[in-house]
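Hydrogens, waters and symmetry mates are skipped; everything else that's a heavy atom, side chains included, is used. Chain A is the first sequence line, chain B the second, and so forth, proteins listed ahead of strands; every chain is numbered from 1.
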Amino acid sequence: MTDNNPAVPVNFIQNIITEDLKNNKNGGRVHTRFPPEPNGYLHIGHAKSICLNFGLALANAGLCNLRFDDTNPSKEEVEYVESIKADVRWLGFDWEDRLFYASDYFDKFYEYAVELIKAGKAYVCDLSPQEIREYRGTLTEPGKDSPYRTRTVEENLDLFERMRAGEFPDGSRVLRAKIDMASPNLNLRDPVLYRILRTTHHRTGDQWCIYPMYDFAHPISDALEGITHSICTLEFEDHRPLYDWVLDNINIDYAKDVKSRPQQIEFARLNLSYTVMSKRKLRELVEQQYVNGWDDPRMPTISGLRRRGYTPEAIRDFCERIGVAKRNSVVDIALLEHCVREDLNQRAPRVMAVLRPLRVIIDNYPEGQVEWLETDNNPENPSMGTRKIPFSRVIYIEQEDFMENPPKKFFRLAPGREIRLKSAYIIKCERVVKDEQTGKILELHCTYDPESKSGGVNSGRKVKGTSHWVSAAHALKAEVRLYDQLFQVENPDNEADGADFKAHLNPNSLERLTGCLVEPSLADAQPGNRYQFLRQGYFCVDPDSTKETLVFNRIVSLRDTWAKIQKTEKSG
RNA sequence: UGCGGGAUGGUGUAGCGGUAGCACCCAUGACUCUGGAUCAUGUUGCCUAGGUUCGAAUCCUAGUCCCGCAGCCA
C-alpha cells in the first residue's frame with residue numbers, strides 16, 4: 001500500500017513496518033511513541049524523531065504517544081515538560097489523549113522488580129559505584145560476580161523493600177539484574193535496575209526515594225502502552241539485548257508473546273553542519289550566556305527556530321528530505337535553509353525595507369507630492385492581492401545599491417546611471433553628496449523619468465537593475481537582527497584539534513541593525529508575522545517588537561547571485 | 001586480542017542480480033520591474049582486493065576505515 005504512495009517516504013523502518021503489516025504482526029497494529037526526557041529543550045534532531053514516530057503512525061493508520069521519560073528527577077523539570085509539549089504541538093503533531101509519563105508507572109516498575117527478585121533474576125547489591133565499575137571488567141576483559149549476587153530471594157526482597165522505605169542512604173545499594181558478568185556486551189553485566197536517590201520528583205514529589213533506570217523502565221513502559229515499534233537512536237543498539245531481556249522476564253500481556261511485543265529499532269540521529277546538537281552543549285551555551293536563552297534565534301532548538309521564523313511546514317519537509325538510515329551523517333544546513341525559502345516563497349508577503357539607508361533626493365519630483373503606487377503582495381501567488389505604497393521626493397535606497405566606481409557586473413545605481421525603483425519610476429543618479437571631512441557618501445541627487453511609472457503606458461523601458469526603496473516621510477523605523485551560523489566550522493563537535501566546541505563560536509553570529517526603515521504597511525505587523533523583504537530575505541517579527549520600534553529577525557537571506565559573483569572575483 | 005553497528009558524487013538518501021536514481025550544493029544558459037522565483041543543461045559516486053555469474057553497489061571470501069559501548073544518565 002505504501003509502495004504506490006509517494007507521500008509516504010520509504011526508509012528501512014517503514015520497510016520493517018510494511019513487512020510486519022503483511023505478516024499481521026501485532027495484529028496489524030502500529031503504535032509508536034516519542035519519549036523525551038524533560039531535561040532540556042527540544043532541538044531539530046528531536047524534530048527528526050518526532051516526525052518519524054508521529055509520521056510513521058500517521059502513514060500506517062497507527063498511533064503515536066507522547067511519553068516523558070522522567071526517571072531521573074535530579075535532571076528534570078516541569079519547565080521542560082511544558083516546552084516540549086508546546087514544541088511538539090507547534091510542529092503539528094497530536095498525541096490526543098495519549099500523554100504519558102514513565103513516572104505514571106513507578107508502582108508497576110516496582111512490582112516487576114519484585115517479580116524479578118522472586119524469580120531469582122535480580123538482587124540487591126551493596127557495592128559502591130566505584131566497586132561496581134571495577135567488578136564490571138573492561139571492554140576486553142570479563143567482569144566478576146558481585147559478592148552480593150548470591151543473596152537469597154528473601155533477603156533481596158527484604159532489602160529492596162527497605163530501600164524503598166528509605167532505610168538506606170543514597171548510593172549505598174542498588175538493585176541489579178542477574179544476567180552475566182562475563183557477557184561481551186557490557187550492558188548485560190548485571191546492569192543496575194534501581195538506585196536510591198532522594199530528590200523531589202517534578203510529578204511524584206517525595207513519594208519515592210528509589211528510581212528505576214532507563215534500561216528497566218523503557219521496555220516496560222513500551223509494553224504497558226502497547227508500543228509495537230520502539231524507535232530510538234544508534235547508541236542504544238547495544239542495549240537492545242537488555243531491552244529484550246526485560247521483556248522476556250516480566251509478565252505483561254504485550255511482552256509475553258515475542259510476536260507482538262515491542263521491537264526496538266535504532267536509527268542515526270541528526271547532525272547539522274555549523275551547529276551542535278547535544279543537549280549538554282546547548283545547555284552550556286544558554287547557561288554561560290553565549291546565547292540569549294533556549295529560544296535564541298541562532299539556536300537549533302525548536303523554540304529557537306520558531307522565534308527565528310522557521311515554519312513547522314519547513315521543518316517537517318526538511319525532516320522528510322533528510323531520510324532515515326543507520327549511518328552517521330552530517331546534513332548540510334543549506335538544506336534546512338532551502339526548505340524555509342521554498343515554503344516562504346509561496347506564502348510570505350513581499351514588502352520593502354531598507355536595512356542600511358542611503359538618502360536619495362529626486363530633484364525633478366514635485367515637492368510635497370505623494371503618489372500611492374500599487375504593487376504585488378506576492379508575485380508567486382496573485383491571490384494574495386496588491387497594496388499601495390507611498391512614493392515621494394525623498395526616498396531611501398540600500399547603501400549597497402549604489403557604487404561610485406562600479407565594477408563590470410554591477411547593475412545598480414552609479415553616477416550617471418539609471419535603475420528602476422521597484423513598482424515606481426526609473427531614476428538617474430546626477431550628483432553624489434559627500435562629507436567633506438570623511439568622504440563618506442551622505443546622499444544622492446537624482447532625477448526621475450515621469451514616463452517610466454510602473455504599470456503606465458510607457459513603462460516598458462528596460463534598465464538593468466531594480467532596487468527596493470522606502471519613502472522618507474512615510475517609512476517606519478525598525479531594528480533588524482541578522483543572523484549567521486553560530487559556529488565558524490562545519491563540525492564544531494569535532495574536538496580532535498583539542499579545542500572546546502565553544503572555541504569555534506562565530507563572534508559575528510548576530511548583527512543588530514538599528515537604523516532600518518520599512519514601508520508603512522508594516523505598522524500593524526505582529527510578532528510571528530513573516531515577510532519577504534524584497535531582494536533581501538525572509539524576516540519575522542520578533543516578540544521584542546513594540547509599536548515604537550519594530551524588531552525583525554532575518555530567517556534566511558534570499559539566494560544572492562551578486563554576492564557570489566563578488567566573492568569569486570575577490571578570491572579569484 | 002571484546003561486543004554491536006556502518007561504508008553509494010561535495011552533502012543527504014534510493015537501489016535488494018539486469019543501463020546507479022532523487023534532493024540539496026555547485027556551475028552554465030534562458031527568463032525576470034526581486035541579481036529572488038521559475039525553466040533548461042552540466043560536473044562529480046558504489047571503501048579495497050579477490051571470487052561466483054552472461055551480468056555484482058547488490059551474493060561469497062579476506063581486508064581497510066569510521067562510529068558506539070566500561071553512569072547508580074537517557
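- Here the straight-line distance linking atom CG of A:Asn328 with atom OG1 of A:Thr233 works out to 10.0 Å at 0.5 Å rounding.
- With respect to the salt-bridge test (charged N to carboxylate O, under 4.0 angstrom), the residues A:Lys22 and A:Glu19 qualify.
- One C1' atom belongs to B:A40, the other to B:G63, and the distance between them is 46 Å to the nearest Å.
- Using C1' as the reference atom, B:U64 and B:A49 are 10 Å apart when rounded to the nearest Å.
- B:U52 is unpaired under the criterion used here, namely a Watson-Crick or G-U wobble arrangement in which both key atom distances are under 3.5 Å.
- Under the Watson-Crick and G-U wobble criteria, each requiring two contacts below 3.5 Å, nucleotide B:U64 is paired to B:A7.
- Nucleotide B:U41 forms a Watson-Crick or G-U wobble pair with B:A27, both donor-acceptor distances falling under 3.5 Å.
- Between the CD1 atom of A:Ile322 and the P atom of B:A14 there is a distance of 11 Å, given to the nearest Å.
- When both distances must be under 3.5 Å, the Watson-Crick or G-U wobble mate of B:U32 does not exist.
- Atom CZ of A:Arg341 sits about 10.5 Å away from atom SG of A:Cys339, to the nearest 0.5 Å.
- Using bins of under 30°, 30° to 60° and over 60° for the plane-to-plane angle, the ring pair A:Phe533/A:Phe539 lands in the parallel bin.
- Atoms CZ (A:Arg327) and P (B:G15) sit 11 Å apart, rounded to a whole Å.
- Taking the six-membered ring for Trp, A:Phe106 and A:His201 have ring centres closer than 6.0 Å.
- Going from the P atom of B:G2 to that of B:A62 covers 15 Å, rounded to whole Å.
- If you take CE of A:Met277 and P of B:G12, they are 13 Å apart, rounded to a whole angstrom.
- Here the two rings, on A:Tyr448 and A:Tyr425, have centers that are under 6.0 Å apart.
- In summary, of the residues considered (A:Lys428, A:Lys464, A:Arg461), a salt bridge (Lys or Arg N to Asp or Glu O under 4.0 Å) with A:Glu418 occurs for A:Arg461 alone.
- For the C1' atoms, the distance from B:U61 to B:U53 is 16 Å, rounded to whole Å.
- Remark: A:His46 NE2 to A:Met277 CE distance equals 9.5 Å, nearest 0.5 Å.
- Separation of the P atoms belonging to B:A14 and B:G9 is 13 Å when rounded to the nearest angstrom.
- Nucleotide B:A70 has no partner under the Watson-Crick or G-U criteria, as no pair reaches both atom distances under 3.5 Å.
- Checked against the 6.0 Å centroid criterion, the rings of A:Phe391 and A:Trp469 qualify as a close aromatic pair.
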How would nucleotides 20-36 of chain B be written as a contact map, 5' to 3', with B for base contact, S for sugar-phosphate-only contact and - for no contact, using protein heavy atoms under 4.0 Å?
---SS-SS-----BBBB
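- For A:Glu337 and B:U11, the CD to C1' distance is 14 Å, given to the nearest whole Å.
- A glycosidic torsion no more than 90° from 0 defines the syn conformation, and B:G71 adopts it.
- Only the P atoms considered, B:C47 is 14 Å distant from B:G6, to the nearest whole Å.
- Counting to the nearest Å, the P atom of B:G15 and the CD atom of A:Gln14 are 12 Å from each other.
- Taking atom P on both B:U38 and B:U19, the two are 32 Å apart, rounded to the nearest angstrom.
- Between A:Lys48 atom NZ and B:G12 atom P the separation is 11 Å, expressed in whole Å.
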Nucleotide-resolved protein contact map, nucleotides 63-74 of chain B, B/S/- at heavy-atom distance under 4.0 Å:
----SBBBSBBB
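- Protein atom CG of A:Asp343 is 14 Å distant from nucleotide atom C1' of B:A37, rounded to whole Å.
- As rounded to the nearest Å, B:U8 and B:U13 have C1' atoms that lie 10 Å from one another.
- Under the 6.0 Å distance and 45° angle rule, A:Arg33 does not count as a cation-pi partner of A:Phe100.
- Checked by atom type and distance alone, the side chain of A:Glu342 never pairs as donor or acceptor with a backbone atom of A:Asp317 at under 3.5 Å.
- Distance A:Asn271 CG to B:U13 P: 11 Å, rounded to the nearest Å.
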